[in-house]
Student: 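Below is one structure. I have some questions about it.
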Amino acid sequence: MRRLLSGTGLVVIALAATLLALLFPLWSYADRSGTPLADLNAGTVATRWGPLSAADRDFVVRVRLAGLWEGPAGRQAIERDPSATVKAAGQHLVDGHAFLDARVREVAADLGMELPDQPNAQQQGWLRRLTADTGIAYERDFANLLRAAHGKVFALVAQVRADTRNSLVRGLADDANTTVLDHIKMLEATGFVDFDALARDAATASPTGPPPPAPGATPASPVPLTPPPSDSASASFPLPPAASRPKDEASPEPASHTP
């Protein structure tokens, strides 16, 4: 009887061990549908305006990058003097990004963030394409390249505005939302936007993008964006001087960061 019990006990233990081995993977992956709070906070740093996440920092950088190529594209449209609607859209791009550039540099300085001073490779490619275009091809590319870019930024602004816990980033998102929507409307008013192509591109777009800037970097002061001399070409694609923000919209005086 002892041997039988011993044998039976071993069998039961073995079966139990097998069952646990089968159930453990299911249990260990049961919560993988969401992002653990620890992972969400891993790239977040504390500031006096609220937590600053990796997504927040990525957004601030993208606002600056948008202005680094869309402002020059707008100025080019004004100088080329094509149809009245394209020229008007160009003026809105110049004015809007001058305002946004002042805002994003102000926010970045308060948050201790470093900003780029050049468009990225893709944006520089778009500017070269517009520079090489002539006639109706220029107007179509101007409207569609910029409308596609603004559509992507518009979606990003909405997501950041909904999710951010940082009041400075939230305010920048409010300003970006107003500016980007104005630009979208002006570009669509040209009559050159291909909405079918925009829908196809959106359906096949890759969700991947550049990694957000790491927290804690020692920021360098971004170079103020100024226009080149009218008689020379510039490879740096600078913007016009940033416009002053109205006093009633000014941000509160910056204060030191929370350690």
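Count residues from 1 along the sequence.
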Student: Quick one about N120 and Q124 (side-chain donor to acceptor, distance below 3.5 Å, no hydrogens or angles considered), yes or no?
Tutor: no
Student: Would you say that M113 contacts V61 through its side chain, given a criterion of any heavy-atom pair below 4.5 Å between the two side chains?
Tutor: yes
Student: Rounded to the nearest 0.5 Å, how far apart are CG of D175 and CD of E106?
Tutor: 9.0 Å
Student: With sequence neighbours left out, what residues match R147 under salt bridge (Lys or Arg N to Asp or Glu O under 4.0 Å)?
Tutor: E188
Student: When you group the ILVMFWY residues by side-chain heavy-atom contacts below 4.5 Å and let the links chain together, are I136 and L187 in the same group?
Tutor: yes
Student: CZ/R105 to CG/D110 distance, rounded to the nearest 0.5 angstrom?
Tutor: 12.5 Å
Student: With a 4.0 Å cut-off on N to O distance, would you call R200 and D196 a salt bridge?
Tutor: no
Student: Does any part of the side chain of P51, heavy atoms only, come nearer than 4.5 Å to the side chain of V45, both counted from C-beta?
Tutor: no
Student: Under 3.5 Å, is there a donor-acceptor pair between the side chain of N144 and the main chain of F192?
Tutor: yes
Student: Do I184 and V193 sit in one hydrophobic cluster, given that two such residues count as connected whenever their side-chain heavy atoms are within less than 4.5 Å of each other, even indirectly?
Tutor: no
Student: Distance alone, cut at 3.5 Å: any donor-acceptor contact between the side chains of D56 and S53?
Tutor: yes
Student: Tell me the closest heavy-atom pair linking L127 and P72, and the distance in Å.
Tutor: CD2-CB, 4.4 Å
Student: Can you check whether L68's main-chain N or O pairs, donor with acceptor, with H97's side chain at less than 3.5 Å?
Tutor: no
Student: Got a second to check how far N177's CG is from D182's CG, nearest 0.5 Å?
Tutor: 11.0 Å
Student: Hey, what do you get for CZ (F59) to CG (L52), rounding to the nearest 0.5 Å?
Tutor: 12.0 Å
Student: Determine, stepwise, if the pair L146 / H183 fulfils side chain to side chain contact (heavy atoms under 4.5 Å, CB included).
Tutor: CA-CA 9 Å; L146 285 154; H183 293 174; over 6 Å; no
Student: Are V169 and L111 close enough, and set up right, to give a side chain to side chain contact (heavy atoms under 4.5 Å, CB included), and what steps lead you there?
Tutor: CA-CA 9 Å; V169 174; L111 295 175; 4.2 Å; yes
Student: Identify which one of V160, L168, L172 satisfies the side chain to side chain contact (heavy atoms under 4.5 Å, CB included) criterion when paired with V60.
Tutor: L172
Student: Give a yes-or-no answer on whether the side chains of E139 and S83 include a donor-acceptor pair shorter than 3.5 Å.
Tutor: yes
Student: Test your reading of the model: is there a side-chain donor-acceptor pair from Q123 to the backbone of W69, 3.5 Å cut-off?
Tutor: no
Student: Evaluate the criterion side chain to side chain contact (heavy atoms under 4.5 Å, CB included) for residue pair D117 and R64; output intermediate values, then yes/no.
Tutor: CA-CA 8 Å; D117 279 326; R64 169 75 170 182; 2.4 Å; yes
Student: In this structure, would V104 and L181 fall into the same cluster of hydrophobic residues linked by side-chain contacts under 4.5 Å?
Tutor: yes
Student: Just jot down the salt bridge (Lys or Arg N to Asp or Glu O under 4.0 Å) partners of K185, sequence neighbours excluded, or say none.
Tutor: none
Student: So which heavy atom on A77 is nearest to which on P82, and how close?
Tutor: O-CD, 3.0 Å
Student: Please identify each residue that fulfils side-chain hydrogen bond (donor to acceptor under 3.5 Å, both in side chains) with R161, with sequence neighbours left out.
Tutor: D174
Student: I'd like to know whether F154 forms a side chain to side chain contact (heavy atoms under 4.5 Å, CB included) with L156, so could you lay out the CA-CA distance, the side-chain angles of the two residues, the decisive distance to 0.1 Å, and finally the verdict.
Tutor: CA-CA 5 Å; F154 196 52; L156 174 65; over 6 Å; no
Student: Are any of the side-chain nitrogens in R140 or D194 under 4.0 Å away from the carboxylate oxygens of its partner?
Tutor: no
Student: What is the distance from atom CD of Q159 to atom OG1 of T164, rounded to the nearest 0.5 Å?
Tutor: 11.0 Å
Student: Provide the closest heavy-atom pair for T85 versus A189 in the form atom of the first, atom of the second, distance.
Tutor: CG2-O, 3.9 Å
Student: Out of the candidates Q76, R75, H150, only one should pair with L93 under the side chain to side chain contact (heavy atoms under 4.5 Å, CB included) rule; please name it.
Tutor: H150
Student: Please round to the nearest 0.5 Å and tell me the distance separating atom CZ of F142 and atom NZ of K87.
Tutor: 12.5 Å
Student: Please check this pair: side chain of D141 against backbone of L130, looking for a donor-acceptor N/O pair closer than 3.5 Å.
Tutor: no
Student: Tell me whether V180 is reachable from V107 by hopping between hydrophobic residues (I, L, V, M, F, W, Y) whose side-chain heavy atoms are closer than 4.5 Å.
Tutor: yes
